[in-house]
Amino acid sequence: MVKRGLLLYSGGLDTSVILKMLQEKLGIDVVTLTLDIGQEENDLAAIADKAWKLGAADVITKNVKQEFSNGYIAKDILADGLYDGVYPLSTSIARPLMSLEAVNAAEQFDCDLVVHGCTGKGNDQVRFEVSIKALKDGIDVIAPVRDWGLNRDDEMEYAHANGIPVKLGGKYSTDENLWGRSVEGSDLEDPRKPIPEDAYSWITPPGKTGSDAVDLEITFLGGLPREINGKQMSLEKIVMLLNKIAGEAGYGAIDHLEDRVTGIKSREFYECPAAMTILTAHKSLERMTLSKEEVSMKNILDTKWSDMTYNGLWYDPLMEHINAFEKSVNSFVSGKVFLRLKGGNLTVMGMESSNSLYNYEKSTYGKMDTFNQSYAKGFVEIYGMQTVNTSRTRKKSAAGLISTL
Ligand code: ARG
């Protein structure tokens, strides 16, 4: 017998209906947990008030923006986290934090069931359930929208019948936090059509940006941004500021036909101005401060990190090993990156670092050149020996090689 349920509560239609139904259908006490991760709808007091009115046995609200910045966004930056090379995992990295908070609250309030509002089609059910179960042995997790087959019409009807105030949301399904805004559904579902202007909220839509350039200087220390235009700020503040500056400049929109964990291909639109700005600058600085071999291994582990994060495996022990590598290799990624935002584009204008591996005397074609070119002839001879020998042995002529293609 379940004693109490801990509900991840946003205050929207789904989770409000679930809050009532849990009491009615399962006859259990429900504790609600609402987190401020930087979403627009962050009036925690109003959401808490709604939860009390809908019969919650206890109501928890918490601002976790700082935890999210330092423990989740920071890791994404170190790992250059981009799913499919384009999506900075903004929704994906919030779920492990929400799961951790849910497990902690469940323990504190003596709940043996965690309830979330996901459907059965998306990635978030996977992220919540794998994370919660990895964090706490024996805890039950349910998703009433999925498990009880709830649909929007029935939910609306139930809400009206039970006096649940319904605030009609926009036409898209959205999810927001400091690291980005995800948009799905409605007009986005036709991949032949461009992203409609009404899907934009954080970013000035294409063609509407001014023509002025905005110059930015980001200082990184150990792989993380520390200063904007010479002013030291917390990561949380940096992300908020860059969302505003780059968003206004029309930068950071991503139109992605995405492969979900559940096998569905879905058209997603993301607005991630700060994330894309920071990740672009960070990647550039890595080019300057890391060796060829470090970059090569980092690319492999970054892709693995991004896939595992997307796929809900944040708490898999392998992630600890990858994060340890990312932290260690990033200890050299310090310096300044100079950027220009203009007309919806971001350009890296230049960079400098006291850890720079760029060696002027070795790379210049000018008179300061110290590279000994006389060694190169022998180097190329030995370096290419295997390839030259193998192809000579197997193909008698260039004509023969071409005909086998
Ligand atoms: N597809 C993205 C992800 O899985 C975002 C999903 C966000 N949900 C939404 N209702 N828009 O990380």
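Just so you know, ligand 1 is whichever comes first in the structure, and atom 1 is the first atom listed for that ligand.
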- Note on the structure: heavy-atom search around atom 9 (C) of ligand 1 in the protein gives Glu184 OE1, 3.4 Å

- Message: Once you restrict to heavy atoms under 4.0 Å, what part of Glu258 touches ligand 1? Side chain, backbone, both or neither.
- Response: side chain

- Message: Cation-pi check for Tyr315 against Arg127: NZ or CZ below 6.0 Å from the six-membered ring centre and within 45 degrees of the axis, yes or no?
- Response: no

- Item | Protein heavy atom at shortest distance from atom 11 (N) of ligand 1 | Ser173 O, 3.2 Å

- Task: Return the residue, atom name and 0.1 Å-rounded distance of the protein heavy atom closest to atom 2 (C) of ligand 1.
- Result: Tyr270 OH, 3.1 Å

- Query: Is it true that Lys298 and Asp80 have a side-chain N and a carboxylate O under 4.0 angstrom from each other?
  - Reply: yes

- Do any N/O atoms on Asp124 end up under 3.5 angstrom from N/O atoms on ligand 1? no

- Query: Should the ring pair Tyr270 and Tyr87 be called parallel, tilted or perpendicular, given that the plane angle runs from 0 to 90° and is split at 30 and 60?
  - Reply: parallel

- Which atoms from ligand 1 have a heavy atom of Ser92 less than 4.0 Å away? 12 (O)

- Message: Between Asp307 and Lys304, does any NZ, NE, NH1 or NH2 come within less than 4.0 Å of an OD or OE carboxylate oxygen?
- Response: no

- Query: Within a radius of less than 6.0 Å around NZ of Lys171, do more than 12 heavy atoms belonging to other residues, nucleotides or ligands occur?
  - Reply: yes

- Query: Is Lys167 paired with Glu41 through a side-chain N to carboxylate O contact shorter than 4.0 Å?
  - Reply: yes

- Query: Does the pair Trp314 and Tyr72 meet the rule for a ring pair (Phe, Tyr, Trp, His ring centres under 6.0 Å), with working shown?
  - Reply: CA-CA 10 Å; Trp314 183 270; Tyr72 300 78; 5.3 Å; yes

- Identity and distance of the protein heavy atom lying nearest atom 12 (O) of ligand 1: Tyr87 OH, 2.6 Å

- Of all protein heavy atoms, the one nearest atom 4 (O) of ligand 1 is Asn123 ND2, 2.6 Å

- Please could you name the atoms of ligand 1 that Arg127 approaches to less than 4.0 Å, counting only its heavy atoms? 3 (C), 4 (O), 12 (O)

- Task: Would you mind listing which atoms of ligand 1 come within a distance below 4.0 Å of any non-hydrogen atom of Thr91?
- Result: 5 (C), 7 (C), 12 (O)

